[in-house]
Amino acid sequence: MDDIEVPQYFVCPISLQIMQDPVTAITGITYDRDSIEHWLFQSKNTTCPVTKQPLPRDSELTPNHTLRRLIQAWCTENASHGIDRIPTPKPPLDKAQVLKLLKDFWNPKLQLKIIQKIEFLATKSEGNRKYLVDAGVAKAMLLFIANRCYKEGLVDGLEEALSILHFVRISSEELSLLFMENDQIIDSLTWVFGCKLQNQISVSTHAVLVLKSIIQKANSSVLETLNPDFFKKLVGVLRNGVTQQGTNAALHIMLDACPWGRNRIKMVDAGAVYELIELEFEAPEKKTTELIFGILFHLCSCADGRAQFVSHKGGIFVVSNRLLKVSPSADDRAILTLSLICKCSGTNMVLQEMLEVGAVYRLCTLLQVDCAPYLKDKARQILRSHYEEWKKCPCLGISLRPR
C-alpha cells in the first residue's frame, strides 16, 4: 500500500486515514464520522478543525454517500495492492430509534435484550451517546435500578444499566425532576454495593461513579438529608475495596457532603476516620491523599472526629509524615488538621505522641523550606503553643525556642 498514492480527498483531515464513513459538517468539510464525533463530543471542541468556524455539537453531520462510493470503488480497483474494501456503514442512530427502544423497554419480556442493545449503542460512538442523552436514557436506567432495589434475586440487567449510566449522564434539571418522582434513586445506587454479582468490583465502581455524578448535581436539600446508611455503605466501599477510580469517586462524594455538620457526624459514626487513615497507609496516589486529607480536616472539626483520629495509633503519624511530600493542597489540610488536634485535643499523651512519631520535627522542617507563608505561620503557631511541653526534647529544644 505504501506504493499507492491515496487521493487526498479520501483522507480524513483529523485522522489522516482513508475515511470509512465520510460525513460532511455544516462548514462544508468532510470528515470520517468517528473522528469528527470524537472531536466534538469527547474533546468538547466547538469549532471546525479545518476552517475554525463555529461547529456546535448538536449540528448535523450529513453522510457523504457519493464520496463513500468513490472510496469503495477505488479500494476495489486497488485490492491487488493489499487495500481492503471499506464496508458500507450502517445507518446512524437517531432519536426516534432510541425513543422506540425506551417505549419497549418497560415490557418485562424485552427488558434485558433492550438494555444490552442500549449498552452496545452507548459504547459504540459519541454520536450514539448524544441521542441516548437527548431521549432520556439516563432517567430510564436510574428508574430501572430503583425498581429493582431491595427485591431479592432481581439483579439481572444491573451491570448493563450502570455501564450505560457511566457513558450517558443525566442533566441537573432532569435529576431534580426525577428526585421528586422517585426518592429511592440514591438509596438504590448504594444498595448495589451489597449485591452479589459476578463482576462486583466493576459494578460497584460504576455505581459509585454514577453516584458521584448525581451528588455533584444534586441541590443542597438533597445533600443535607443524606441518611446514616448512605455513609455506612460508602465507608464500606472504601473498606472492601474497589478500583482506584472508584475509591476517588467515593472520596469525592464524602468531601462534597462535608460542608453540612450533620453529614460530618454521620461519617464519623460510620467509622470514616479509621478507614481514611488506613487507606492513607497504603500510600495512594497524590489525588487520593488530597481527598483523604480534605475529609479528615472536616471530620476533625467535630469532637467525635478528633477523638477517633487520636485514638488511631497511626493518625498523627500518617498526616505529619506526608508533609512536604505530596502537594501544597495536602500540606494545607495536614497543617490545619494538626492545628485542630493540638488546639482542641492536645492532651499530654497526644503531644508526646507528636514528638515520638516525628510530627514536631516535620513542623520545624516546614519553617526552613520554601512554602506558603501562611503554612509557616500556622506551623510556628502550633510549635509556640506547646513549646513548654516540647522543649524537654534535647534534639528539638533549640529549634523550638521562640524568637
Side-chain angles (χ1 to χ4, degrees), residues 1-102 104 113-138 160 163-169 171 206 245:
M1 181 174 174
D2 293 338
D3 299 330
I4 300 297
E5 183 177 349
V6 179
Q8 190 59 39
Y9 58 95
F10 288 1
V11 176
C12 173
I14 298 175
S15 68
L16 302 181
Q17 302 294 318
I18 296 176
M19 289 182 278
Q20 305 280 317
D21 185 8
V23 292
T24 302
I26 58 173
T27 57
I29 306 299
T30 298
Y31 302 94
D32 202 13
R33 181 182 294 278
D34 286 347
S35 297
I36 190 62
E37 287 184 349
H38 185 280
W39 169 270
L40 292 172
F41 302 124
Q42 188 162 321
S43 300
K44 301 187 183 303
N45 293 296
T46 56
T47 57
C48 175
V50 173
T51 67
K52 309 304 180 186
Q53 294 175 340
L55 186 59
R57 283 193 285 273
D58 58 356
S59 59
E60 288 294 323
L61 298 173
T62 306
N64 192 328
H65 298 299
T66 301
L67 180 57
R68 175 179 53 78
R69 293 189 188 101
L70 287 173
I71 294 173
Q72 287 178 324
W74 181 86
C75 289
T76 301
E77 291 174 5
N78 291 277
S80 60
H81 297 285
I83 295 177
D84 296 327
R85 182 180 185 276
I86 62 170
T88 300
K90 294 181 179 179
L93 187 69
D94 58 37
K95 187 175 179 179
Q97 291 173 272
V98 181
L99 291 173
K100 174 66 168 60
L101 284 173
L102 289 181
D104 296 336
K113 183 177 179 181
I114 290 176
I115 205 170
Q116 289 167 356
K117 183 170 183 178
I118 292 175
E119 183 189 21
F120 172 78
L121 292 171
T123 59
K124 195 68 176 174
S125 74
E126 297 290 342
N128 285 356
R129 289 194 275 276
K130 173 185 177 295
Y131 288 117
L132 294 175
V133 169
D134 293 345
V137 164
E160 291 85 352
S163 174
I164 292 166
L165 287 167
H166 181 56
F167 289 106
V168 182
R169 302 298 174 87
S171 67
H206 278 149
Q245 188 182 21

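When all heavy atoms are compared, the tightest approach of Tyr31 to Met19 is C-SD, 3.4 Å. Across Glu37 and Gly127, no two heavy atoms sit closer than the pair OE1-N, 3.2 Å. Scanning both residues, Cys48 and Thr27, for their nearest heavy atoms gives SG-OG1, 3.2 Å. The two residues Arg33 and Val23 come nearest to each other via the heavy atoms NH2-CG1, 3.3 Å. Of all the heavy atoms in Leu55 and Ile26, the pair that sits closest is CD1-CG1, 3.6 Å. Contact record, Trp39 with Ile14: CB-CD1, 4.1 Å, taken as the closest heavy-atom pair.
Residue Asp104 holds its CG atom at 11.0 Å from CG of Leu99, rounded to the nearest 0.5 Å. To the nearest 0.5 angstrom, Leu16 atom CG is 8.5 Å from Gln8 atom CD. Interatomic distance, Ile118 CD1 to Ile164 CD1, rounded to the nearest 0.5 Å: 5.5 Å. Distance check, rounded to the nearest 0.5 Å: SG of Cys75 to CD of Gln20 gives 8.0 Å. The structure places CD of Glu160 at 15.5 Å from NZ of Lys117, a figure rounded to the nearest 0.5 Å. A distance of 11.0 Å separates CG in Asn78 from CD in Glu5, rounded to the nearest 0.5 Å.
For the pair Asp94 (side chain) and Ala96 (backbone), a donor-acceptor distance under 3.5 Å is present. A donor-acceptor contact shorter than 3.5 Å links the side chain of Gln72 to the backbone of Ile86. Judged by distance alone, with hydrogens and angles left aside, the side-chain atoms of Asn64 form no donor-acceptor pair with the main-chain N or O of Pro22 at under 3.5 Å. The closest donor-acceptor contact from the side chain of Arg68 to the backbone of Asp21 lies at 3.5 Å or more, if one exists at all.
Inter-residue side-chain proximity for Val98 and Leu121 is flagged as unmet; no heavy-atom pair is nearer than 4.5 Å. In this structure, Ile36 and Pro49 have side chains that are in contact, with non-hydrogen atoms separated by less than 4.5 Å.
The ring-ring contact (aromatic ring centres under 6.0 Å, His included) pairs that include a residue from residues 7-29 are Phe10-Trp74, where partners are two or more places apart or lie in different chains.
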